[in-house]
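Working notes for the structure below.
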Amino acid sequence: MSAIAIKYNDEILDLVTAEERGIEGEEIILDNSPESLDVLRHSTAHLMAQAIKSLYPDAKFYVGPTVKEGFYYDFKTESEIGSGDLKKIEKQMLSFAKKKYKIEKYSLSMDDAKEKFKDDHLKLSVMERIKDNTVSIYKQGEFEDLCRGPHLPSIGLIRYFKLTKLAGAYLGGDSKNEMLTRIYGIAFADKESLKDHMTMLAEAEKRDHRKIGGEMKLFTFREEVGAGFPIWLPAGARLRARFESLLYKAHRKRGYQPVRGPEMLRADLWKTSGHYQNYGENMYFTQIDDVEFGVKPMNCVGHIKVYEDELHSYRDLPIKYFEYGVVHRHEFTGALHGLFRVREFTQDDAHIFCTVDQIEEQIIEVVDFVDKLMTTFDFKYKMMISTKPEKAVGDAEVWEKSEAALINAMEANNLDYDIDEGGGAFYGPKIDIKILDAIGREWQCGTIQLDNNLPERFKLEYNGEDNEKMQPVMIHRAILGSFERFIGILTEHYAGEFPMFIAPTQVAIVPVAEVHKDYAKQLSDKLIDINADSEIYAKNDSLNKRIRIAEKTRVPMIVVIGDEEIENKTVAIRDRRTREQYTLSEEKFLQLIQTKINEVNF
RNA sequence: GCUGACAUAGCUCAGUUGGCUAGAGCAGUUGAUUUGUAAUCAACAGGCCCGGGGUUCAAAUCCUCGUGUCAGCACCA
């Protein structure tokens, strides 16, 4: 197979450019390697632009890069394009590809290029961002486009692609600018890979927590209640309750104290904390008896008030308070997304008040907590340190110290991390935990944030060794992040087939006939005694149908009870995944359930 | 918030260029059947066609303003 590009000093050059510069390097052939796909998808983006231009002659193009999930092109046309038009564009692309146009390249001086594209404000805006004096133009058939490459030698090599989404996007990614049309697509070197990719997308759709959440009756949303306010149904509430009790134990073992702050606090307090000024546009406010109140968007202020309730000695530190804190944040309507982004949610929130010297060990302990929990759910995860953002409070020196403390904690313990410059909260730098689910998608959940700002603003203190007043450091942390988001992710991760210890219902009991109902009830009571929920399927339906319904609820275990079982004091178990059946004595069965529920500890 | 699409029974969806009493499957209720591992049969009930305003002899259908949902952007746990 012949080369499609050349790799030279980690730079990928198309064949024309390599020849131009007389460079010989490692050959890249057309396969599904990252380098090859990058070139292929970039050229596919151009092919798409070519097709769009021929169908909508007035179209003007902005940029068409490759991204993690394929490629896109931003453009503008007076015609209306709907997602139904993607097929038409694909067809046009194929017909161009069949003509096997060569992709040619030539250079222009910046001035000539500006003259050439003088009627195209999008291209001019692209060129404004380019510092070089010359730019390159790529040409295939009638179509040409300003681009720095690299590209395939010919569009004839493009065969296996699909246009996936049509949407709007801001020019230059800035919400102040005009909105362009963006079409996303994907391309592969072979048919199989494209098919696999489409299968993966279909799988992700099947796992959508909004769909499964409805089917399993975990939660719902209602228009009359308001956007972004989830309603937890019995099954979802049972799942949450299991989470809460597991986490309660995990926190107590690590020396956290449960506390509870009020849902709303006087606006003055939010001014002291800085939330009023920095986060006010996301908060809900109300006026009561001429006093302004703010509904809490975070739990820190409540916990600070707990801290202030008594005097503290250095001997007491670290002090750790935790709360399943309900918070309200006014998110943009367009940001709302099932349980992933809501306006009311519950954080597994905690605040650690400690000395500067204790920061590192505390961070390590929290990271270990995170690790235990993620391992339990078979999540891979990575950590990201986010530094000072544009909109920040507190002085620069404190920021530097805090950032250094986080990095130290990671380095000293050989933990892997990435850095997100400017991604911190307004009051301090943070470590975010990004988890990878069963089908490789990445989610942000837990967070560990260092805060020197609130202790300063609230003048928090403890008595030091020499009886002088010292200021504690505050660490905000959440392991799940929020119950809402985490349960949403967990739902997609397991495709609704939750493991026994967290499932809303542990066992479905199906009595064969009416006369077996009493025995089913007795068994159900015994299950409650060992902290297992069960549901009896005794409706006037056929046995087959009741088993089918039970299966569809995704319950981990179904037991069938009839004459035989009652006589022998056994249960007939049907495994969810394998559909295999086996019989256990009632005693062994109860033991099994108990083990499965208790085997988990974070 | 922005761009675009969508909103019909508890759920999933039909409903022609505006025209008769808005349909189906599942779920629900009732009756028959009492079932041994993924849908027994029958009957019944269920709708301010998202909400307000308008156009029209006539609106689920057209226009408009809201609300909500979806995709993407921008923002975030």
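As the structure is a prediction and not an experimental result, all values here were calculated from the model. Below, chains carry the letters A, B, ... as their sequence lines are ordered, and counting in each starts from 1. Computed over heavy atoms, backbone and side chain alike; hydrogens, waters and symmetry mates excluded.
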NA contact type, [X], heavy-atom cut-off 4.0 Å: base, sugar-phosphate, or nothing?
X        : answer
A:Arg477 : nothing
A:Leu543 : sugar-phosphate
A:Val510 : nothing
A:Asn282 : nothing
A:Ala478 : nothing
A:Tyr184 : sugar-phosphate
A:Glu484 : nothing
A:Ala550 : nothing
A:Glu215 : nothing
A:Glu281 : nothing
A:Arg222 : nothing
A:Asp432 : nothing
A:Lys211 : nothing

Walking RNA chain B from its 5' end, the first of A:Gly334 and A:Ser542 to be reached, judged by nearest nucleotide, is A:Gly334
Heavy-atom nearest nucleotide on RNA chain B for A:Gly481 versus A:Ile573: which residue maps closer to 5'? A:Ile573
Between [N] and [M], how far apart are the two [atom1] atoms, rounded to whole Å?
N     : M     : atom1 : result
B:U33 : B:C41 : C1'   : 8 Å
B:C11 : B:G46 : C1'   : 13 Å
B:A60 : B:A9  : C1'   : 14 Å

Could you point out which residue of A:His251, A:His476, A:His303 forms a ring pair (Phe, Tyr, Trp, His ring centres under 6.0 Å) with A:Phe322? A:His251
Quick check on ring pair (Phe, Tyr, Trp, His ring centres under 6.0 Å): which of A:Trp443, A:Phe379, A:Phe498 does A:His493 satisfy it with? A:Phe379
Does [X] make a side-chain N or O approach to OP1 or OP2 of [N] shorter than 4.0 Å?
X        : N     : result
A:Lys539 : B:U34 : no
A:Arg574 : B:G36 : no
A:Arg546 : B:G36 : no
A:Gln444 : B:A77 : yes
A:Thr333 : B:G1  : yes
A:Tyr279 : B:A77 : no
A:His337 : B:C76 : no
A:Lys165 : B:G72 : yes
A:Asn544 : B:U37 : no

Taking atom types as they are modelled, would you say the side chain of A:Arg329 forms a donor-acceptor pair with the base of B:C75 within the 3.5 Å cutoff? no
Given the structure, check if the side chain of A:Arg341 and the base of B:C75 hold any donor-acceptor pair shorter than 3.5 Å. yes
Any cation-pi pair here, A:Arg41 with A:Phe71, using under 6.0 Å and within 45°? no
Measure from the side-chain N and O atoms of A:Asn453 to the backbone N and O of A:Tyr427, and report whether any donor-acceptor pair falls under 3.5 Å. no
Considering only side-chain heavy atoms of [X], which listed nucleotide, [options], is closest?
X        : options             : answer
A:Ala572 : B:G36, B:A77, B:A38 : B:G36
A:Ala227 : B:U33, B:G68, B:A74 : B:G68
A:Ala335 : B:A38, B:A74, B:G36 : B:A74

Non-hydrogen atoms of A:Ala350 and A:Tyr256 that approach each other most closely: CB-CE2, 3.5 Å
What do you reckon, do A:Phe345 and the base of B:A77 stack, with centroid distance below 5.5 Å and planes below 30°? yes
Which of A:Arg238, A:Glu535, A:Lys596, A:Arg242 passes side-chain hydrogen bond (donor to acceptor under 3.5 Å, both in side chains) with A:Gln506? Answer is A:Arg242
For RNA chain B, report each stem as range with range, ordered by first number, or say none. Use Watson-Crick or G-U wobble pairs under 3.5 Å, at least 3 in a row. B:1-7 with B:67-73, B:10-13 with B:23-26, B:28-32 with B:40-44, B:50-54 with B:62-66
Sort out for me which residue in A:His275, A:His328, A:Arg329, A:His330 forms a side chain to side chain contact (heavy atoms under 4.5 Å, CB included) with A:Met283. A:His275
